Amino acid sequence: MLTCNNFVFHSPTKIIFGAKTISQLKNEIPQKAKILMIYGSGSIKKNGVYDQVKEALKEHNVMEFSGITPNPRYETAIKAVEICKKENIDFLLAVGGGSVIDATKFISIASKYPGKDPWDIMPHKNNQLKNLFQPTEAIPIGTVLTIPATGSEMNTGYVITRESTKEKVGRIDQLVIPKFSILDPETSYSLPKRQIINGIVDSFVHVTEQYLTTFRNTKISDRFAEGVIDTLISEAPVVLKNPKDYSARANIMWASTMALNRLIGCGVDFDGATHSIGHEITAMNDSDHAKTLAAVIKGVLIYKKQQKMKKLVLMAERIYGKKEGTDEEKADFAISETIKFFNSIGMKTTLSSVGIKKENFQEIADRIEERTKTMGFGLGEHRDIYKDDVLKILELCD
Ligand code: NZQ
Ligand code: ZN
């Protein structure tokens with residue numbers, strides 16, 4: 001039997017969790033720091049988060065940079081890099097969701113980048129993963145999270161889109177992991193339904209891309225993963241019905257952080273194929289990140305059913321309560337119940353819902369070919385998904 005992979009788990013982000021915790025910001029950032037507060041398109045001004053941050057930092061030296069969009073753009077982030085250099089910024093405070101936090105991570109590295117073109121920090125079509133720049137310096141980051149979804153508040157990843165070349169690419173750096181993240185579930189009360197649903201589906205897929213991989217008898221990671229999925233399934237209808245249910249908001253916020261802070265990934269393989277294909281769809285047409293995942297996941301799970309069989313069976317038995325039937329029937333049940341859950345909370349699971357028709361399949365496959373060349377290996381936990389497999393996966397989606 002296969003056993004767990006060796007792993008290093010190093011997660012130094014201090015989490016400050018709970019209602020009215022934004023006031024604690026003042027204790028987390030050095031008094032002498034020159035801070036750049038980075039945020040999006042203004043939701044924080046409407047829901048009171050901006051005022052809470054400003055009040056907490058009234059004795060600090062704070063500059064602001066706003067206008068980070070969903071699927072954050074290189075072209076916008078680079079403007080903040082200029083400010084950081086000119087003003088000698090020595091602390092970055094991201095206030096928002098995954099897009100704001102990811103942009104802040106890029107800004108943190110790009111502000112100290114010694115090379116000519118900061119786009120070369122990212123792996124892109126002319127920049128292979130194996131030659132990637134390894135940073136030794138970055139501006140420290142803290143975050144105030146306003147949408148449970150990506151886990152960026154407690155991980156090393158960041159995903160950036162370059163408008164001019166229509167590329168959406170990600171990388172990881174231990175240097176950008178936030179020093180602290182403030183998670184006040186009340187900040188999520190103002191989320192529009194679309195973003196509540198996006199966050200739940202994104203978190204769910206983060207779990208399945210770790211949990212639904214090779215069976216390695218990883219009992220602790222598997223039980224943690226099941227706990228996160230179970231929480232998302234039980235709390236989703238509660239928050240959708242009553243947006244101000246603090247308890248459910250708190251459960252979802254912590255579940256979503258736990259989904260991608262790599263704790264549930266200890267010892268298990270990492271898939272990522274649904275995300276990679278989804279990112280190409282977003283690069284093509286700016287679809288919401290989570291919507292692309294919901295459209296693609298079914299195809300990936302069916303295509304890789306044999307390799308994922310034991311874990312799909314585990315999911316069917318433990319999450320969806322199916323104890324009877326063959327392994328094949330249980331695996332099919334796990335896939336169809338997952339799709340049913342997404343639909344039940346209002347998430348569409350078809351390619352057409354993210355603007356993809358049959359005639360677009362080839363472009364997605366060609367993009368994946370470009371990506372696998374950049375990475376030097378295929379997608380999925382076995383690194384064996386290439387262009388032709390992607391075409392077959394897309395055929396299996398609705
Ligand atoms: O622009 P603002 O005003 O911030 O409005 C945002 C945005 O329009 C709004 N919003 C956020 N909090 C709100 C709120 N509206 C009302 N009340 C609040 N409390 O929601 C919209 C979406 O925000 P965004 O930050 O884009 O959402 P999310 O957290 O889902 O981030 C998605 C981005 O993260 C990347 C995705 O690819 C995408 O670019 N990811 C990052 C990962 C990572 N760093 O580890 C992993 C993920 O798989 C993902 O790829
Ligand atoms: Zn995601």
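For ligands, and for the atoms within them, numbers begin at 1 and follow the listed sequence. None of these values were measured; they are calculated from a predicted model.
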| field | Pair Met154-Thr143, side chain to side chain contact (heavy atoms under 4.5 Å, CB included): steps then yes or no | value | CA-CA 9 Å; Met154 200 180 173; Thr143 89; over 6 Å; no

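- Residue contact annotation: Gly96 has no non-hydrogen atom under 4.0 Å from ligand 1.
- Rounding to 10 degrees gives 90° for the angle at the Zn ion (ligand 2) between OD1 of Asp202 and NE2 of His289.
- Put simply, part of Thr187 is less than 4.0 Å from ligand 1, judged by heavy atoms.
- Under 3.5 Å, the side chains of Tyr246 and Glu186 contain no donor-acceptor pair of N or O atoms.
- Put simply, no part of Gly278 is less than 4.0 Å from ligand 1, judged by heavy atoms.
- The nearest heavy-atom contact from the protein to atom 6 (C) of ligand 1 is Ser43 OG, 4.4 Å.
- To the nearest 10 degrees, the Zn ion (ligand 2) sees NE2 of His275 and NE2 of His206 at an angle of 90°.
- Scanning Ile147, Asp202, Leu191 for the heavy atom closest to atom 13 (C) of ligand 1 points to Leu191.
- Regarding atom 1 (O) of ligand 1, its nearest protein heavy-atom neighbour is Ser41 N, 2.8 Å.
- Protein heavy atom closest to atom 30 (O) of ligand 1, with residue, atom name and distance, is Ala149 CB, 3.7 Å.
- If you check which protein heavy atom lies closest to atom 44 (N) of ligand 1, you get Asp102 OD1, 2.8 Å.
- Of all protein heavy atoms, the one lying nearest to atom 8 (O) of ligand 1 is Pro70 CG, 3.8 Å.
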